[in-house]
J.: 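Input: one structure, supplied below.
Predicted model only: the values in this text are computed from it and were never measured. One-based numbering, in listed order, for ligands and for the atoms of each.
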Amino acid sequence: MPATSMEELVSLCKRRGFIFQGSEIYGGLQGFYDYGPLGVELKNNIKAAWWRSNVYERDDMEGLDSSIIMHRLVLRHSGHEATFSDPMVDNKKNNKRYRLDHLVKDQKEGVIARVAAEIGEDASNFPAVVAALIKNPAKASEALKTAGVRDAFSGEVGDWTEPRPFNMMFKTTIGPVADEESYGYLRPETAQGIFTNFKNVVDSTSRRLPFGIAQIGKAFRNEITPRNFIFRVRELEQMEIEFFCTPGTDEDWHAHWLEKRLSWWEAQGVPRSKIEILDVPPEDLAHYSKRTYDLMYDYPTLGHEEIEGIANRSDYDLGSHTKSQAELGIQARVEENNDSVAKLTIPHPETNKPIVPFVIEPSAGVDRALLAVLSEAFTKETLENGNERIVLKLRPHLAPIKVAVIPLARNKPELVDLARKIKSELQALGLGRILLEDSGNIGKAYRRHDEVGTPYCVTVDFDTIGQNEGEGNADLKDTVTVRDRDTLRQERIKISELSGWIQAKLR
Ligand code: GAP
């Protein structure tokens, strides 16, 4: 059974070294997390699985790694300067700041109903309530006070300001001279690096439509209220595809990617039955989107929340970054002239005329993926002897440690040396991390490796080195015990056959 609460996961992550609070020794920095020894392995394995499936296993994809800090004009023409904001309100009593929709959603049901009544909306349609509050700032401020909306920090009814937009982009100075224009933005999505490199990739690879560009990398959002562990953070990592196609074929490609992405999640151990597909209503679409499907995974404690968005961005971005938009029949998206020097076009596959292609964008968060994978793998079991064990039933390709090689006693050089040799041989197979586990307590080692999801533990004992002189034990020389994480079965395997055995199991 998957994890039933976020607390269980948070506790496991800290205890076993998956995730730590960022800047912890100085009290922590809200919305920033560090991935520990096992977290970094799990994260890398998720990213590798995504890259394999979306780049290597297809014939219509290229990869990219673009810079994190971008020219301020990229984010102006993309529409982010004007629209990448969330509505915020302040409590004048204690100067605490909240994201409006989070503040209202966290109130007791009766309070939400009163807010809805005050603003003249139906409480069962929460997005409409929030939209009405944003549209009528003066009325909203009164509605929040009259309805008795409480401050999460003080617990008292707040004296709420009017809601106003808060732009979530991090600005950063560039170079030693501070003038009005010497700043850039930390990208709020990796996508913009793909759009700005569209022409470079086309020219250097001779790609024709349809084809896509994949990128994995950091993105930054100054979330008003980061929360729920790594679910909503200010520094996040995204796995994004921009798939370029001929206008008119975009809806078919949208359906194609929806299906592909659902089967990818399934292969990571996140079943379709736990993902709801939300066809985002027009009023909630991002500024660039023609249509978006949000994949809503059923997170423990949080319920259904977005793990991935699959958007049809039409010709919005390539068009917006293109000079002479009118010539191409594209309506300019920003009032001033476009500053770009590029014409982001590609020949139409049939007419050969230059066109701005449409884009389908599957965009998944690595942090949210890791949380879902952990949550599905987390299992509490009662063993035959009545003991309880926690085991992470991760798919082997995601497991941070593939095999732990354990010498039965840490003070016996023959055992330790042989275990080290076996570890090196398994490591050379290139399957991922193989760990020499010489803590000396076999019971504790098994418990630890169950909890971190190691598929196999290989134990080197006195039989292995021919020092157990009981009857029949001579046959066990040069064999090791291999313990299976999920079935708990233990098998004796010849050392000479171990590499082949492990390779077959972990392939
Ligand atoms: N390029 C499209 C885009 O960025 P998005 O829906 O804003 O779309 C895509 O983000 C994915 O990035 C989300 O589905 C989520 O998995 C992840 N994500 C977004 N904001 C996040 C945050 N503050 N913390 C963690 N993950 C986040």
Side-chain angles (χ1 to χ4, degrees), residues 6 19 22 29-33 35 43 46-47 50 64 66 68 70 74-75 78-80 83-86 99 101-102 166-170 185-196 212-243 254 257-258 261-262 264-265 268 270 275-280 284-297 299 302 304-314 316-318 320 359-373 375:
M6 192 65 92
I19 299 167
L29 194 56
Q30 224 196 339
F32 296 89
Y33 285 91
Y35 286 79
K43 212 178 184 205
I46 291 172
K47 291 190 281 184
W50 185 91
L64 183 78
S66 67
I68 284 171
M70 301 195 80
V74 172
L75 280 314
S78 69
H80 285 81
T83 60
F84 195 63
S85 55
D86 275 337
R99 192 170 131 176
D101 51 338
H102 289 172
F166 173 76
N167 192 293
M168 291 195 287
M169 283 197 294
F170 284 100
Y185 290 109
L186 273 65
R187 62 186 181 194
E189 56 171 3
T190 70
Q192 291 306 321
I194 299 184
F195 297 130
T196 53
I213 303 178
Q215 170 160 234
I216 300 178
K218 295 270 185 166
F220 298 81
R221 299 180 179 190
N222 199 1
E223 295 280 353
I224 301 167
T225 39
R227 58 190 195 164
N228 294 327
F229 193 36
I230 53 168
F231 179 82
R232 188 174 302 286
V233 285
R234 290 180 165 136
E235 177 175 334
L236 56 133
E237 202 161 1
Q238 291 183 315
M239 307 182 278
E240 296 202 301
I241 293 165
E242 305 304 324
F243 194 83
H254 204 184
W257 278 108
L258 175 61
R261 296 302 305 139
L262 285 167
W264 184 82
W265 284 111
Q268 313 318 311
V270 181
I275 295 177
E276 274 178 15
I277 301 165
L278 174 71
D279 194 349
V280 178
D284 292 342
L285 287 173
H287 62 278
Y288 49 71
S289 174
K290 177 180 160 191
R291 186 174 187 179
T292 296
Y293 299 121
D294 278 348
L295 305 189
M296 310 291 284
Y297 170 70
Y299 286 97
L302 311 183
H304 286 95
E305 292 285 353
E306 181 186 335
I307 188 168
E308 171 162 2
I310 306 173
N312 181 342
R313 291 179 81 132
S314 70
Y316 186 91
D317 302 87
L318 291 185
S320 302
V359 177
I360 304 301
E361 180 199 60
S363 171
V366 179
D367 313 83
R368 289 186 189 180
L370 189 140
L371 200 53
V373 161
S375 153

J.: Do Ser375 and Tyr297 get their side chains close enough for a donor-acceptor pair, meaning under 3.5 Å?
T.: yes
J.: Given Asp367, Ile307, Val233, identify the one with the heavy atom nearest to atom 22 (C) of ligand 1.
T.: Val233
J.: Could you tell me whether the side chains of Ser363 and Glu189 share a donor-acceptor contact shorter than 3.5 Å?
T.: no
J.: To which protein heavy atom is atom 8 (O) of ligand 1 closest, and what is the distance rounded to 0.1 Å?
T.: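 Heavy-atom neighbour on the protein nearest atom 8 (O) of ligand 1: Tyr288 OH, 3.8 Å.
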J.: Could you check whether any side-chain N or O of Glu361 sits under 3.5 Å from a backbone N or O of Ala191, counting only pairs where one atom can act as donor and the other as acceptor?
T.: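 Pair absent, no side-chain N/O of Glu361 close to backbone of Ala191.
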J.: Does any non-hydrogen side-chain atom of Ile213 lie less than 4.5 Å from one of Glu240?
T.: no
J.: Among all protein heavy atoms, pick out the one at the shortest distance from atom 18 (N) of ligand 1; state its residue, atom name and that distance to 0.1 Å.
T.: Leu236 CD1, 3.7 Å
J.: Can you pull out the closest protein heavy atom to atom 11 (C) of ligand 1? Residue, atom name and distance to 0.1 Å, please.
T.: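 Here the nearest protein heavy atom works out to Ser363 O, 3.6 Å.
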J.: Quick one: CG on Asp294 to CD on Glu306, what's the gap to the nearest 0.5 Å?
T.: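 Here the interatomic distance stands at 4.0 Å.
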J.: Considering both backbone and side-chain atoms of Phe231, is one of its nitrogen or oxygen atoms within less than 3.5 Å of a nitrogen or oxygen in ligand 1?
T.: yes
J.: Counting heavy atoms only, which of Glu189, Gln238, Arg368, Arg313 comes nearest to atom 15 (C) of ligand 1?
T.: Arg368
J.: Under 3.5 Å, N or O to N or O, is Gly365 touching ligand 1 that way?
T.: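 Yes, there is a polar N/O contact under 3.5 Å.
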J.: Which protein heavy atom lies closest to atom 13 (C) of ligand 1, and at what distance to 0.1 Å?
T.: Glu306 OE2, 3.2 Å
J.: For atom 2 (C) of ligand 1, what is the nearest protein heavy atom, given as residue, atom name and distance?
T.: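 Looking at atom 2 (C) of ligand 1, the protein heavy atom closest to it is Glu361 OE1, 3.0 Å.
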J.: Can the ring centroids of Phe231 and Phe229 be said to lie less than 6.0 angstrom from one another?
T.: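 Phe231 vs Phe229: aromatic centres not under 6.0 Å.
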J.: Which of parallel (below 30°), tilted (30 to 60°) and perpendicular (above 60°) describes His254 and Tyr293?
T.: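 Taking Tyr293 first and then His254, their aromatic rings sit tilted (interplane angle of 30° to 60°).
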J.: Where is the nearest protein heavy atom to atom 7 (O) of ligand 1: which residue, which atom, and how far?
T.: Arg221 NH1, 2.8 Å
J.: Please indicate whether any nitrogen or oxygen in Ala364 is less than 3.5 Å from any nitrogen or oxygen in ligand 1.
T.: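 N/O-N/O distance below 3.5 Å does not exist for this pair.
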